[in-house]
Amino acid sequence: MVGPVRLLVVRLVTWNVNSVKQRLPRLLALLDRHDPDVVCLQETKVVDDDFPFEEIERVGYRARSFGQRSYNGVAILARAEPIEIARGFPGDPTPEACRVIAADVAGVHVVSVYGVNGKALDSPAYETKLAWFDAFTVWVGDRFDPAEPLVLAGDFNVAPDDRDVHDPELWRGKIHVSQPERDRVAALMDLGLSDLGRQAAGDVTGPFTWWDYRMGAFHRGWGLRIDLALATDPVASALISVEVDREERKPTAGEGKPSDHAPVVVTWA
DNA sequence: ATGGTTGGTCGCCAA
């Protein structure tokens, strides 16, 4: 008899690619550069039939996609076989959107998450965003055991506190930073999850993971930390590092244009 | 700060 597969070291990357078709050369380069065990993608923007499975399998990864036309879309890539796949979750107030895919990879529960953007505080999408987080938190609490290894990784579209904002005064009252949004992330973490990026960085500003395409925001340092990895204690207590691959956000870093999000590389053992 | 930019699609909408 053998127990569940346990890797000595696990490297997980989460990345909002803003179109997996546009980003495919950079994604393949990222797999080669970081050699991750697991990758969580968001904003793939393709239906499953159009997902580039062949190119990804050719470099040694299995892939599971939950995608739709034009918008949203999530995926999990892994060296090991992803099992127990869940696409979407019951009670999602945006059931037409593809925002969540879950899989077990080498004994770790992995969830790729694309939280509702919300547009602006006075938009109907804002109330949808809050309701989505409420429903998502119920599902996570029902499905997972905090004693087991679990990572929720993705673009949550919320900067958890002012350290995650380049200019908190400028952003006050804006989407991504409002107290109700932050309360939702806190409620999710109250299930027994740690914010690995903050745990690794300590009490400092950043590191940011997203910069608006406009106004040279990346060059000027106008960023937010909205791409998060939230994990239960079996992972959090084994954390080695969390690094933002800022190079990937640069126009010159690879073939084609960059995503507006940088990949986040999480390692534990 | 949001007069910018990008992607999917082919009109604009979403971010």
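Letters A, B, ... mirror the listed sequences (proteins, then strands); counts begin at 1.
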Whole-Å distance, A:Met215 CE to B:dA15 C1', equals 17 Å
Tell me: OH of A:Tyr114 to C1' of B:dA14, nearest whole Å?
8 Å
Starting from C1' on B:dT2, measure out to CG on A:Asp260 and report it in whole angstrom.
14 Å
Rounding to an integer number of Å, can you tell me how far A:His219 NE2 sits from B:dT5 P?
15 Å
For a quick check under 3.5 Å, do A:His261 and A:Asn18 share a side-chain donor-acceptor pair by atom type?
no
Distance between the P atoms of B:dC13 and B:dT9, in whole angstroms?
16 Å
Ignoring the backbone of A:Tyr71, work out which of B:dC13, B:dT2, B:dT5 is nearest its side chain.
B:dC13
Partners passing ring pair (Phe, Tyr, Trp, His ring centres under 6.0 Å) against A:Tyr71 (at least two apart in sequence or in another chain)
none
How is A:Trp171 classified with respect to the nucleic acid when contacts are heavy atoms under 4.0 Å: base, sugar-phosphate, or nothing?
base
What is the distance, rounded to the nearest whole Å, between atom NE2 of A:His166 and atom C1' of B:dT2?
11 Å
Round to a whole Å and report the spacing from CD1 of A:Ile175 to P of B:dA14.
14 Å
Should side-chain heavy atoms under 4.5 Å link Ile, Leu, Val, Met, Phe, Trp and Tyr, which residues sit in the same cluster as A:Val47?
none
What class does the angle between the rings of A:Trp171 and A:His176 fall in, given that below 30° is parallel, 30 to 60° is tilted and above 60° is perpendicular?
tilted
Would you tabulate the pairs of protein nitrogen or oxygen atoms and nucleotide nitrogen or oxygen atoms of nucleotides 9-11 of chain B closer than 3.5 angstrom?
from, atom 1, to, atom 2, distance (Å)
B:dT9, OP1, A:Ser70, OG, 3.2

Can you sort out the partners of A:Trp268 under ring pair (Phe, Tyr, Trp, His ring centres under 6.0 Å), two or more places apart, ordered by chain and number?
none
Using the C1' atom on both, measure B:dA14 against B:dG4 and round to a whole Å.
16 Å
The side chain of A:Lys119 is closest to which nucleotide in this list: B:dA15, B:dG7, B:dT2?
B:dA15
Residue closer to the 5' end of DNA chain B, A:Trp222 versus A:His261 (nearest nucleotide)
A:Trp222
5'-most contact on DNA chain B: A:Asp212 or A:Asp155, nearest heavy atom basis?
A:Asp212
Sequence neighbours excluded, which residues qualify as ring pair (Phe, Tyr, Trp, His ring centres under 6.0 Å) partners of A:His109?
A:Phe144
Touch check for A:Arg23, heavy atoms < 4.0 angstrom, all strands: base, sugar-phosphate only, or nothing?
sugar-phosphate
Got a sec, which hydrophobics cluster with A:Tyr61, joining ILVMFWY side chains under 4.5 Å apart, including via others?
A:Val13, A:Trp15, A:Val17, A:Val20, A:Leu24, A:Leu27, A:Leu28, A:Leu30, A:Leu31, A:Val39, A:Leu41, A:Val46, A:Phe51, A:Phe53, A:Ile56, A:Val59, A:Leu77, A:Val265
Rounded distance (Å) that lies between atom P of B:dC13 and atom CG of A:Asn117:
16 Å
How close or far is atom C1' of B:dT5 from atom CD of A:Gln22, stated in whole angstroms?
13 Å
Using a 4.0 Å heavy-atom cut-off, does A:Phe218 contact any base of the nucleic acid, only the sugar-phosphate backbone, or nothing at all?
nothing
